[in-house]
Amino acid sequence: MNKRAKFILLNWIFLILVSGYGLNLDIAYSAPKPFLDQKKVVPPRMEWSREIVSRRGGSFAFRVRSQGPIGVTIVTDRGYKTAMTRDEKSFKKDDVILTVDSKDGLFEGTATVTAGSSWFIIENQTDKEVEIHLQCF
């Protein structure tokens, strides 16, 4: 076998191994590690507010899990501060990044935030205490 034929054969073997065909090496490929992974017990009809900080801004994926219906809202820092002072006139529509209800207690999505602080506000919509699990990737 000449050098060129050996080179081609070795390239094909390499491509087959790299693409996952042929040899099973039992390598576990895991999901991305969350940069935030937190649980909190929330009383009935109450909310959990959790700040997230981004140095540069951008998009991220997240998952919120609970034992019952939840409301998930993400707001800007300005929107959160305005809501906490109950100054309805200063609250702007663009302060809301996302708001959604999940009847089955699970919501997965993506959000795009600017640099600085943003806030998750997660509402327990049940009449019982639940544990809410927030993960951001």
Side-chain angles (χ1 to χ4, degrees):
M1 186 181 288
N2 65 27
K3 284 185 175 183
R4 180 158 170 72
K6 282 183 184 178
F7 178 76
I8 292 172
L9 180 62
L10 289 175
N11 277 335
W12 275 106
I13 291 171
F14 176 76
L15 286 174
I16 289 170
L17 290 176
V18 169
S19 64
Y21 295 106
L23 187 61
N24 181 0
L25 299 176
D26 287 330
I27 298 173
Y29 295 100
S30 60
K33 300 263 187 238
F35 66 84
L36 173 65
D37 190 350
Q38 190 173 3
K39 295 178 182 179
K40 183 166 178 105
V41 175
V42 180
R45 303 285 173 197
M46 297 299 288
E47 296 174 343
W48 171 28
S49 297
R50 177 60 167 88
E51 181 181 24
I52 57 168
V53 180
S54 174
R55 289 187 190 131
R56 292 173 280 168
S59 296
F60 66 96
F62 66 91
R63 177 184 307 129
V64 183
R65 245 187 290 214
S66 177
Q67 294 90 25
I70 52 174
V72 178
T73 301
I74 304 174
V75 295
T76 63
D77 191 49
R78 180 183 68 204
Y80 180 76
K81 289 175 181 172
T82 301
M84 292 300 106
T85 61
R86 303 189 191 283
D87 182 9
E88 295 174 15
K89 292 180 181 177
S90 297
F91 194 85
K92 295 182 176 21
K93 187 177 179 179
D94 62 340
D95 287 329
V96 178
I97 298 167
L98 175 134
T99 187
V100 67
D101 288 331
S102 171
K103 297 300 176 197
D104 64 358
L106 173 65
F107 184 76
E108 295 177 315
T110 59
T112 302
V113 296
T114 59
S117 293
S118 298
W119 290 81
F120 273 91
I121 303 171
I122 306 168
E123 176 191 10
N124 173 4
Q125 296 178 339
T126 72
D127 292 325
K128 61 182 179 177
E129 184 177 87
V130 297
E131 182 179 74
I132 297 175
H133 187 187
L134 171 63
Q135 294 177 301
C136 296
F137 306 91

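Numbering starts at 1 and runs along the sequence shown.
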Q. Does one hydrophobic cluster hold both L98 and F137, with members joined at side-chain heavy-atom distances below 4.5 Å?
A. no
Q | Step-by-step side chain to side chain contact (heavy atoms under 4.5 Å, CB included) determination, K103 to Q125 | A | CA-CA 9 Å; K103 297 300 176 197; Q125 296 178 339; 4.1 Å; yes
Just distance, no hydrogens or angles: give the donor-acceptor pairs under 3.5 Å from side chains in residues 105-116, sequence neighbours left out.
unit_1, atom_1, unit_2, atom_2, d
E108, OE2, R63, NE, 2.7
E108, OE2, R63, NH2, 3.4
T112, OG1, S59, OG, 2.7

Q) V42 and E47: side chain to side chain contact (heavy atoms under 4.5 Å, CB included), yes or no, with the steps? A) CA-CA 7 Å; V42 180; E47 296 174 343; 6.0 Å; no
Q. What are the two closest heavy atoms between V75 and V96, and how far apart are they?
A. CG1-CA, 4.3 Å
Q) When rounded to the nearest 0.5 angstrom, what distance separates CD1 in I122 from CZ in R65? A) 12.5 Å
Q: Can you establish whether the number of heavy atoms outside E51 located under 6.0 Å from its atom CD is more than 12?
A: yes
Q) What is the minimum heavy-atom distance between S117 and V53, and which atoms define it? A) OG-CG2, 3.7 Å
Q) Between Q67 and E131, is there a donor-acceptor pair closer than 3.5 Å when you use the side chain of the first and the backbone of the second? A) yes
(Q) Please check this pair: side chain of N124 against backbone of M46, looking for a donor-acceptor N/O pair closer than 3.5 Å. (A) no
Q: Would you sort out whether H133 and D37 count as a side chain to side chain contact (heavy atoms under 4.5 Å, CB included), showing the intermediate values?
A: CA-CA 7 Å; H133 187 187; D37 190 350; 2.5 Å; yes
Q: Give, for atom CD1 of I132 and atom CD of Q38, the distance between the pair rounded to the nearest 0.5 Å.
A: 11.0 Å
Q) Are D95 and K81 close enough for a salt bridge, meaning some N to O gap below 4.0 Å? A) no
Q. Looking at F120 and C136, what are the two nearest heavy atoms and their distance?
A. CE1-SG, 3.7 Å
Q.
Using side-chain heavy atoms (C-beta onward) and a distance below 4.5 Å, is F62 in contact with I52?
A. no
Q: Begin with the C-alpha distance, continue with both residues' side-chain angles, and end with the deciding distance and a verdict on side chain to side chain contact (heavy atoms under 4.5 Å, CB included) for Y80 and I121.
A: CA-CA 9 Å; Y80 180 76; I121 303 171; 4.0 Å; yes
Q. Between L36 and R50, which heavy-atom pair has the shortest distance, and what is it?
A. CD1-NH2, 3.1 Å
**Q.** Sequence-distant partners of F91, ring pair (Phe, Tyr, Trp, His ring centres under 6.0 Å), two or more places apart
**A.** none
(Q) If I compare all heavy atoms of P69 with all of T126, which pair ends up nearest, and what's the gap? (A) CD-CG2, 3.5 Å
Q: Would you kindly confirm whether F60 and W119 end up in one hydrophobic cluster when ILVMFWY residues are joined by side chain heavy atoms under 4.5 Å apart?
A: no
Q) Do you know the tightest heavy-atom contact between D94 and T76? A) O-CG2, 4.1 Å
**Q.** Gap separating the CG atom of D101 from the CD atom of E123, nearest 0.5 angstrom
**A.** 7.0 Å
**Q.** Residue pair I97 / S118, side-chain heavy-atom distance below 4.5 Å
**A.** yes
